[in-house]
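No hydrogens, no waters, no symmetry mates; every other heavy atom, side chains included, goes into these values. As the structure is a computational prediction, the values presented were derived from the model and not from experiment. Naming convention: chains lettered A, B, ... in sequence-line order (proteins, then strands); numbering from 1 in each chain.
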2 protein chains.
Amino acid sequence: MITVSIVEDDEDIRQSLAILINGTNGFVCSHHYGECASAIADIERHTPDVLLMDIGLPGMSGIEGIKIIKLRVPNIDIIVLTAHENDNYVFESLCAGACGYLIKDTTPARLLEAIKEIHGGGAPMSTQIARMVVSSFKRKTDSTLSPREMDVLNHLCVSHSYKMIAEKLFISEETVRRHIKSIYRKLEVHSKSEAVAKALRDRLV
Amino acid sequence: MITVSIVEDDEDIRQSLAILINGTNGFVCSHHYGECASAIADIERHTPDVLLMDIGLPGMSGIEGIKIIKLRVPNIDIIVLTAHENDNYVFESLCAGACGYLIKDTTPARLLEAIKEIHGGGAPMSTQIARMVVSSFKRKTDSTLSPREMDVLNHLCVSHSYKMIAEKLFISEETVRRHIKSIYRKLEVHSKSEAVAKALRDRLV
DNA sequence: CGAAAATTGACCCGTTTGGGGTATTGATAA
DNA sequence: TTATCAATACCCCAAACGGGTCAATTTTCG
């Protein structure tokens with residue numbers, strides 16, 4: 001028996017979901033909430049296996065709600081269930097601790113399957129969402145940087161000093177400096193830390 | 001009709017996969033290869049919709065193979081099909097450009113479903129793999145850093161100078177310096193760029 | 001071949017940073 | 001209630017960094 005709670009401001013949707021879950025063998029939903037505050041207040045007394053969470057909520061945002069709930073009940077499995085297919089919502093939800101992300105056109109059968117899946121250690125996502133998530137890993141090959149500059153950038157990212165990079169690459173410190181100047185110009189940054197941040201954030205390395 | 005090619009060194013597995021695919025309506029596999037080199041040489045002449053790719057290959061590694069193939073045929077959908085559930089293989093594959101990752105105990109039915117899924121814009125993954133991928137987004141809350149130090153670290157990550165951070169936080173530059181010393185000690189780093197790299201890599205920010 | 005880009009090297013100068021001390025205040029924990 | 005820690009602030013000094021300018025050689029590509 002998998003226990004499920006729901007946070008969803010739309011009364012109708014919330015009731016429908018509860019009815020669906022309670023009407024299916026192996027699932028039960030005893031608690032559901034109209035906004036984050038009440039869910040947070042109640043979650044430690046009535047801790048479900050799986051929490052279905054809307055994002056566009058009145059009051060505290062679903063993202064904030066997820067963070068707080070995961071702090072209090074780290075092992076809870078949270079599926080975001082929302083109309084928003086917006087990139088930022090997806091990544092912010094996952095960063096906050098959600099393990100699943102379904103858009104609201106999900107069929108009842110798929111939703112139940114997703115609940116089973118997340119409870120079994122998976123991470124159910126709508127197909128487009130999964131692709132978005134996986135694509136975010138893809139390395140970019142910034143053609144503006146020359147091969148040698150990429151070498152230097154890689155060393156920058158492990159925080160070597162000019163001197164150390166020079167030794168590693170068997171070139172003079174002045175040449176390292178020169179490459180770094182080009183890198184800064186091309187990446188439009190003005191310091192090592194900015195270059196490192198850009199390289200890591202934009203997945204250049 | 002979805003066209004599929006295979007790179008897999010084990011002759012038996014390769015043949016079985018081809019037979020499975022060719023024996024199913026809507027799928028066809030005309031080309032399969034024992035190692036990356038021949039796949040790379042042939043891929044532009046015979047470009048499939050979906051490529052099933054082993055990782056543990058003789059000669060060039062599957063990861064390298066994926067990088068090269070994606071450079072030549074950026075739109076090809078690649079599913080890694082391997083025995084390795086190893087974290088590094090998973091993330092390296094996705095960084096290289098794979099969009100799916102299945103472990104070899106996948107059932108034939110699930111494999112065919114995965115091929116349809118990736119061709120339809122999804123990112124099929126075994127359940128444990130999906131969880132691993134999604135979990136990698138989770139923010140860590142490094143309790144060793146004090147709240148104020150987290151503030152400073154956040155500003156460091158957008159590459160502000162000590163002076164700018166001081167202005168933003170309404171404290172003296174010397175206090176910023178002090179916080180940064182503590183951050184360095186706690187994160188065991190010795191420079192801004194190293195702190196930024198650690199913060200971004202370890203998802204502290 | 002000839003132009004453009006990549007790679008290498010150098011010097012100057014001012015700013016920023018990193019590591020070392022020291023000290024006060026307030027909150028929090030033992 | 002004492003002790004510890006967070007947060008605030010200052011000083012000194014050497015090393016590292018960022019920006020400016022100039023120049024030679026090699027590679028690459030049209």
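One can place NE2 of A:His155 at 18 Å from C1' of D:dC17, the figure rounded to the nearest angstrom. Spacing between atom CG of B:Leu169 and atom C1' of D:dA9 amounts to 15 Å, rounded to whole angstrom units. A:Ile171 has its CD1 atom 16 Å from the C1' atom of D:dA24, to the nearest Å. As a whole-Å value, the separation of A:Leu145 CG from C:dT7 P is 10 Å.
With respect to A:Glu113 and A:Lys116, no salt bridge is recorded, no charged nitrogen being found less than 4.0 Å from a carboxylate O. Between B:Arg178 and B:Glu149 there is no salt bridge, since no side-chain N of the basic residue sits under 4.0 Å from a carboxylate O of the acidic one. The residues B:Lys104 and B:Asp10 are annotated as not salt-bridged, no charged nitrogen and carboxylate oxygen being separated by less than 4.0 angstrom. Look at A:Lys192 and B:Glu194 and you find no salt bridge, because none of the NZ, NE, NH1 or NH2 atoms lies under 4.0 Å from a carboxylate O.
The shortest heavy-atom contact between A:Leu204 and A:Met150 is O-CE, 3.4 Å.
The shortest distance between side-chain heavy atoms of B:Met53 and B:Ile66 falls below 4.5 Å. Residues A:Arg201 and B:Cys157 meet the side-chain proximity criterion, which asks for heavy atoms closer than 4.5 Å. Using a 4.5 Å heavy-atom cutoff, the side chains of B:Val4 and B:Val28 are not in contact.
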Got a list of protein N/O to nucleotides 3-6 of chain D N/O distances below 3.5 Å?
none

Are any protein N/O atoms closer than 3.5 Å to N/O atoms in nucleotides 28-30 of chain D? If there are, list each pair with its distance.
none

Under-3.5 Å N/O pairs linking protein and nucleotides 13-22 of chain C:
| unit_1 | atom_1 | unit_2 | atom_2 | d |
| --- | --- | --- | --- | --- |
| C:dT17 | OP1 | B:Lys192 | NZ | 2.7 |
| C:dT17 | OP2 | B:Tyr162 | N | 3.2 |
| C:dG18 | OP1 | B:Tyr184 | OH | 3.1 |
| C:dG18 | OP1 | B:Lys192 | N | 2.5 |
| C:dG18 | OP2 | B:Tyr162 | OH | 2.3 |
| C:dG18 | OP2 | B:Tyr184 | OH | 2.7 |
| C:dG18 | N7 | B:Arg177 | NH1 | 2.8 |
| C:dG18 | O6 | B:Arg177 | NH1 | 3.3 |
| C:dG19 | OP1 | B:His190 | ND1 | 3.0 |
| C:dG20 | N7 | B:Lys181 | NZ | 3.1 |
| C:dG20 | O6 | B:Lys181 | NZ | 2.4 |

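Non-hydrogen atoms lying under 4.0 Å from DNA chain D are contributed by nothing in residues 197-205 of chain A.
The residue A:Thr175 sits close to a base: some heavy atom pair falls under 4.0 Å.
A search for ring pair (Phe, Tyr, Trp, His ring centres under 6.0 Å) contacts involving A:Tyr89 returns A:His84, not counting sequence neighbours.
Atom OG1 of B:Thr47 is separated from atom CD1 of B:Ile69 by 10.0 Å, given to the nearest 0.5 angstrom.
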**Message:** Please determine whether side chain to side chain contact (heavy atoms under 4.5 Å, CB included) holds for the pair A:Val205 and A:Leu200, giving the CA-CA distance in whole Å, both sets of side-chain angles, and the decisive distance to 0.1 Å.
**Reply:** CA-CA 6 Å; A:Val205 290; A:Leu200 293 178; 3.7 Å; yes
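A donor and an acceptor atom, one from each side chain of B:Glu35 and B:Ser38, are located under 3.5 Å apart.
The list of salt bridge (Lys or Arg N to Asp or Glu O under 4.0 Å) pairs with a residue in residues 55-65 of chain B, not counting sequence neighbours, reads B:Glu64-B:Lys67.
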